[in-house]
2 protein chains.
Amino acid sequence: MSYQSRKQKILKIVEEQGEADVKELAQKVETSEITIRRDLALMAADGLIFRTHGGAMKLSLAIIPVSFEHKISANIEQKDYIARLAAKEIRDGDIIFMDCGSTVSRLCQFIKNKRIKVITNSLPVVYELSNTEVSINLIGGELDNKRQAVHGQIAVEHIRRYQADKAFLGVDGISLENGLSASSEKEAEITTAMSSNARQTYLLCDSSKLGKDKYLKFAPLSIVDVLVTNEVSDQLKPYQDFGIRILN
Amino acid sequence: MSYQSRKQKILKIVEEQGEADVKELAQKVETSEITIRRDLALMAADGLIFRTHGGAMKLSLAIIPVSFEHKISANIEQKDYIARLAAKEIRDGDIIFMDCGSTVSRLCQFIKNKRIKVITNSLPVVYELSNTEVSINLIGGELDNKRQAVHGQIAVEHIRRYQADKAFLGVDGISLENGLSASSEKEAEITTAMSSNARQTYLLCDSSKLGKDKYLKFAPLSIVDVLVTNEVSDQLKPYQDFGIRILN
DNA sequence: GAATATTTGTTCAAATATAATCAAAATCAA
DNA sequence: TTGATTTTGATTATATTTGAACAAATATTC
């Protein structure tokens with residue numbers, strides 16, 4: 001059987017069912033899986049179907065929802081508590097940086113009516129703040145699909161062109177001994193750049209991250225001006241002694 | 001037996017069965033396979049059948065129906081037609097610019113499986129291409145809420161840092177006398193910048209925009225390398241004479 | 001986040017189809 | 001009939017398609 005006729009059969013199945021996996025197509029078209037894969041690759045290159053891992057979908061169904069939620073879903077109340085505290089610090093007219101931390105993105109809901117300019121590398125932040133009172137400056141560069149954020153050299157250069165009043169940043173770990181740490185080099189780079197181009201650096205940090213170290217130590221404690229957290233224990237005292245303002 | 005009578009038999013078999021392979025035809029027509037091949041080549045050249053590897057298909061079966069799904073609006077269908085043509089021009093490994101034109105954004109659905117880098121200022125494009133095989137470079141700058149796109153000086157500078165293979169652009173009007181025109185200065189600025197930093201400029205332009213002028217004339221016809229359109233009339237001839245490749 | 005299971009990309013060899021070349025057969029004109 | 005022309009078939013070389021095996025990439029599971 002020729003590619004042409006297999007193509008027609010595959011197309012028909014995929015259009016009727018919406019999606020189909022390779023095994024199923026191989027059975028129905030009566031050929032091997034490898035041949036189906038090759039056909040699907042050709043058809044996808046022609047824009048006839050959307051190739052998925054393990055099969056194919058019709059184009060109209062191939063809208064992949066951004067799965068950012070699951071990361072946020074952990075500790076929502078804590079994050080919202082922190083975000084609310086941080087939002088109170090923002091004044092109309094402020095120019096602020098927001099990075100792609102999950103706590104930082106919870107800030108959006110509380111600032112939609114503020115007359116401020118937000119400079120951000122985070123797509124979820126952009127989506128949530130677009131068509132609000134907030135004016136948005138999007139940081140350009142390579143998009144990291146997993147994090148739904150822009151990273152890289154170009155992004156850092158973009159940040160350096162701006163001077164902001166406040167930076168609202170997230171980290172993966174913070175400790176007295178090792179300062180700020182992250183599990184992604186690219187995120188750390190952005191965080192550092194934002195911090196150094198803002199008059200005041202706010203670190204949004206839930207209790208699970210306090211006293212923790214991640215593999216990449218990227219900045220000393222001294223870059224932090226304000227630590228916003230839900231933690232209330234005297235674990236915070238040393239940070240305060242260090243000169244960091246605590247908001248909780 | 002003459003070619004004429006074999007032709008009739010072959011045509012009858014292919015029409016009845018939808019498809020047939022060379023071996024089968026050779027048996028039924030009582031001739032050698034090589035003769036069948038020669039006949040099929042002639043018939044295919046005359047557009048009587050569709051030649052496949054190993055045989056032949058009925059033409060109507062070999063053509064992909066324009067739209068399998070419920071009829072979408074005629075306007076969308078036109079744009080999708082243009083977008084599909086444009087998508088076929090894109091090769092794996094290409095670096096392409098996409099602006100915030102409405103036809104341009106219809107391109108997304110057809111290129112999700114391509115291994116390319118897309119540099120764009122359009123949020124809908126980013127949204128539709130994120131989590132696909134396409135690698136995205138987001139142009140930074142001020143976000144225009146109404147257009148869901150990034151504009152301005154910073155954006156233009158961002159574009160200037162990149163050299164792309166192809167630019168896929170939309171306009172609001174194009175005419176022989178006045179070249180390209182737009183209704184937004186900011187969009188025009190982006191379009192111009194993308195065009196001058198791409199080796200080839202593809203203009204995606206439905207028939208309603210051909211021969212029309214909008215208030216802002218911003219670029220001469222000469223920046224266009226390829227005009228992709230659904231228009232088929234000889235209205236296109238002058239553009240072709242001008243040296244523009246027409247894709248329709 | 002690490003370990004496991006799937007899926008995919010790649011390479012290779014076998015099967016199949018096509019193209020090219022040339023000789024044989026059929027057709028046609030005198 | 002003869003010779004020229006066209007068509008057909010056989011043979012060989014080339015190209016394409018296919019499937020198998022394995023390494024790499026990607027989901028999935030806990």
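Please read these numbers as outputs of a predicted model, since none were measured by experiment. Proteins come first, then strands; the chains are lettered A, B, ... in the order of their sequence lines, and each starts at number 1.
- A donor-acceptor pair shorter than 3.5 Å can be found between the side chains of B:E133 and B:N113.
- Using a distance-only test at 3.5 Å, with no hydrogens or angles considered, a donor-acceptor pair links the side chain of B:R51 to the main chain of B:G55.
- The stretch residues 6-21 of chain B has no heavy atom under 4.0 Å from DNA chain C, so no residue of it qualifies as close.
- A straight line from CG of A:L42 to C1' of C:dT8 spans 15 Å, rounded to a whole angstrom.
- With hydrogens and angles ignored, a donor-acceptor pair under 3.5 angstrom links the side chain of B:R38 to the base of D:dG9.
- The stretch residues 28-37 of chain B touches DNA chain D through B:T31, B:S32, B:I34, B:T35, each having a heavy atom under 4.0 angstrom from the strand.
- Residues passing the salt bridge (Lys or Arg N to Asp or Glu O under 4.0 Å) test with A:D80, sequence neighbours excluded: A:R106.
- If you find the closest nucleotide of DNA chain D to B:H53 and to B:D39, the one lying nearer the 5' end belongs to B:D39.
- Between A:D234 and A:K237 there is no salt bridge, since no side-chain nitrogen of the basic residue lies less than 4.0 Å from a carboxylate oxygen of the acidic one.
- Looking only at distances, a side-chain donor or acceptor of A:T192 sits under 3.5 Å from a matching main-chain atom of A:A188.
- One atom, CZ of A:R51, and another, C1' of C:dT6, lie 12 Å apart when rounded to the nearest Å.
- Distance check: A:E177 CD to A:L221 CG gives 9.0 Å after rounding to the nearest 0.5 Å.
- Applying the side-chain hydrogen bond (donor to acceptor under 3.5 Å, both in side chains) rule to A:S181 yields no partners; only residues at least two apart in sequence or on another chain are considered.
- Between A:G55 and A:S183, the residue anchored closer to the 5' end of DNA chain C is A:S183, taking for each the nucleotide with the nearest heavy atom.
- A rotation axis mapping the C1' atoms of four pairs onto the next four is fitted at both ends of the helix from C:dG1-D:dC30 to C:dA30-D:dT1 over five pairs, and the angle between these axes is 40° to 10 degrees.
- Atom CD of B:E133 is separated from atom P of D:dA27 by 10 Å (rounded to the nearest Å).
- Between A:E33 and A:R38, none of the side-chain N atoms (NZ, or NE/NH1/NH2) sits under 4.0 Å from a carboxylate O, so this pair counts as no salt bridge.
- The aromatic rings of B:F168 and B:Y202 lie parallel to each other, with less than 30° between the two planes, well short of the 60° mark.
- The side-chain heavy atoms of A:L143 and B:V126, taken from C-beta on, include a pair separated by under 4.5 Å.
- In terms of the ring-ring contact (aromatic ring centres under 6.0 Å, His included) criterion, residue partners of B:Y162 (sequence neighbours excluded) are, by chain and number, B:H158.
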